*Asks:* 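This is the structure I want to talk about, given as structure tokens.
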There are 2 protein chains.
Amino acid sequence: MTTDQSKAPAKRDRILDAAEHLFAERGFEGVTLRQIASQAGVDVALASYHFGKKDELFTAVFQRRAGELNDRRLAALAEAKRQAMPNTVSVEAIISAFLRPLEDVQREGDSGWQHYLALIAYVNNHTYWGQRLMSSAFDQLVTEFIGALKAALPEAPNDKIYWCYHNLSGALTLTLARTGRIDRLSEGACRSDDYQSAYDQMIPFMAAGFYSVCKA
Amino acid sequence: MTTDQSKAPAKRDRILDAAEHLFAERGFEGVTLRQIASQAGVDVALASYHFGKKDELFTAVFQRRAGELNDRRLAALAEAKRQAMPNTVSVEAIISAFLRPLEDVQREGDSGWQHYLALIAYVNNHTYWGQRLMSSAFDQLVTEFIGALKAALPEAPNDKIYWCYHNLSGALTLTLARTGRIDRLSEGACRSDDYQSAYDQMIPFMAAGFYSVCKA
DNA sequence: ATCAAAATTCAACGAGCGTTGAAAAGTAAA
DNA sequence: TTTACTTTTCAACGCTCGTTGAATTTTGAT
């Protein structure tokens, strides 16, 4: 086949997929290159050939979908601004633009996005080297959303905005981790993989929190 | 010294302290027994002698302070009930009883509690084996608090209570992880180690969220 | 068909891992 | 001071890890 892009990079991508899955489940040190290669159906040396050191493979996995996720969220924010009068976008609409693209990629896509979002949760909770990755991949986007929140809450003290975003980010992170803990605590009334319910309640919850804390 | 309890178990406890610190920072697989022994100033074999396998050491670290933390939180909840009329404890008071004991142990104690709370964050975000530890250590306490929340919000649908607690737990977990991300995003306006500010804003934020979601 | 380049596998390395059994040191009662 | 016991160290084991250089296969243009 001439310039066949549907089959050419199969093994390289399968390494990324397997690494995404396993890193999200067990963390960087909890996974061996041999496990990744085995799940990808590939020799262990191939991961080094394509990606270099183990931490470079991790970085490649983390950055692979970051751009598309940022694009989707920015598009959702732009659409919210378009539908509202200038400078009147509600906090609910901003939070919705931040969260709904996650629901979208989970609903439409294969399980790759599920694993990727769990990987974000892992990195976001990691103190040392995780923060470099978070900043390089998402700081610009988050700053954009926080700017919109400041415009929607013009009287809010600067630090309160960030603390409120911190609450949102933490709740979201635990949602993305899908640990199954809520399933057990609620004895089945809630399910970790029920994203729609998670976001349906999270949006009004967080909006109410923002309004309450960012009043004065 | 006869029956001196201030010096007798020094090395055993130093292993627990070092393991607490390192496990919280780098996770179970991210730390070696040799690093723990080195930080404790002890031979590597001593950890195996006192605690057995590596995962048994981890369990011992995790359970060491769980009982005292549960006692403090239950005492705070009982005090909130005592100060209010029967069945009129506010959501704010319940959340406060859940959070303030964390602030207390951080303020009064050495850095051991700081590391322990970061370890809770690590375990809580861990999908597989983390959930067994969380359930055995904290399910009973959490069920107690959720019972109080249901009493304070009698009209709330059952599943909404659990989702709201999930939001609270996620935001708290990210706070305990102290990743430094909020410091960077806010350019110094907020600090991850400023627990008092974190809890001061979290209590009204979460209470407003509970009220908003648990209306119908 | 030829040939150079890329992709993939093979085989092995040195290092560090958790764990263990035996030796040594410390402790306290008889 | 002997004795029994606990605590700690020492030395080493078998194993798995990430990584690499050479060999092999595949690919795609000529």
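This one's a predicted model, so the numbers in the text were calculated from it and none came from an experiment. Each chain gets a letter, A, B and so on, in the order its sequence line appears, and its residues count up from 1. No hydrogens, no waters, no symmetry mates; every other heavy atom, side chains included, goes into these values.
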*Asks:* What pairs of residues pass the side chain to side chain donor-acceptor pair (under 3.5 Å) test when at least one of them lies in residues 49-69 of chain A, not counting sequence neighbours?
*Replies:* A:Asp17-A:Arg64, A:Glu20-A:Arg64, A:Glu20-A:Arg65, A:Glu68-A:Arg72

*Asks:* How long is the line joining CD1 of A:Ile36 and P of D:dC17, in whole Å?
*Replies:* 11 Å

*Asks:* Would you say the side-chain atoms of A:Tyr195 pair up with the backbone N or O of A:Gln106, donor to acceptor, closer than 3.5 Å?
*Replies:* no

*Asks:* Sequence neighbours left out, what passes side chain to side chain contact (heavy atoms under 4.5 Å, CB included) with B:Ser135? Give chain and number order.
*Replies:* A:Arg181, A:Arg184, B:Asp139

*Asks:* Measure CG/A:Leu22 against P/D:dG18 and give the value in whole Å, please.
*Replies:* 12 Å

*Asks:* Round to a whole Å and report the spacing from CZ of A:Arg12 to C1' of C:dT9.
*Replies:* 18 Å

*Asks:* What is the distance, rounded to the nearest whole Å, between atom CG of A:Asp43 and atom P of D:dT20?
*Replies:* 15 Å

*Asks:* Can you pull out every salt bridge (charged side-chain N to carboxylate O under 4.0 Å, His left out) where at least one residue sits in residues 109-131 of chain B? Sequence neighbours excluded, please.
*Replies:* none

*Asks:* Is any side-chain N or O of A:Lys11 closer than 4.0 Å to OP1 or OP2 of C:dT9?
*Replies:* yes

*Asks:* Taking side chain to side chain donor-acceptor pair (under 3.5 Å) as the definition, give me every residue that meets it alongside A:Asp71, ordered by chain and number, with sequence neighbours left out.
*Replies:* none

*Asks:* Sequence neighbours excluded, which residues qualify as salt bridge (Lys or Arg N to Asp or Glu O under 4.0 Å) partners of B:Arg100?
*Replies:* B:Glu103, B:Asp200

*Asks:* Enumerate donor-acceptor pairs with a distance under 3.5 Å from any side-chain N or O in residues 21-33 of chain A to protein atoms, sequence neighbours excluded.
*Replies:*
unit_1, atom_1, unit_2, atom_2, d
A:His21, ND1, A:Gln39, OE1, 3.2
A:His21, NE2, A:Glu25, OE2, 3.3
A:Glu25, OE2, B:Tyr128, OH, 3.3
A:Thr32, OG1, A:Arg34, N, 3.4
A:Thr32, OG1, A:Gln35, N, 3.0

*Asks:* Report the distance from atom CZ of B:Phe58 to atom P of C:dT19, rounded to the nearest whole Å.
*Replies:* 14 Å

*Asks:* With the threshold set at under 4.0 Å for non-hydrogen atoms, list the residues of residues 46-56 of chain B touching DNA chain C in residue-number order.
*Replies:* B:Ser48, B:Lys53, B:Lys54

*Asks:* Can you name the residues that form a side chain to side chain donor-acceptor pair (under 3.5 Å) with B:Asn158, not counting sequence neighbours?
*Replies:* B:Lys150

*Asks:* In whole angstrom, what separates A:Leu57's CG from D:dC17's P?
*Replies:* 15 Å

*Asks:* Would you jot down, in residue-number order, the residues of residues 23-35 of chain A having a non-hydrogen atom under 4.0 Å from DNA chain D?
*Replies:* A:Val31, A:Thr32, A:Leu33, A:Arg34

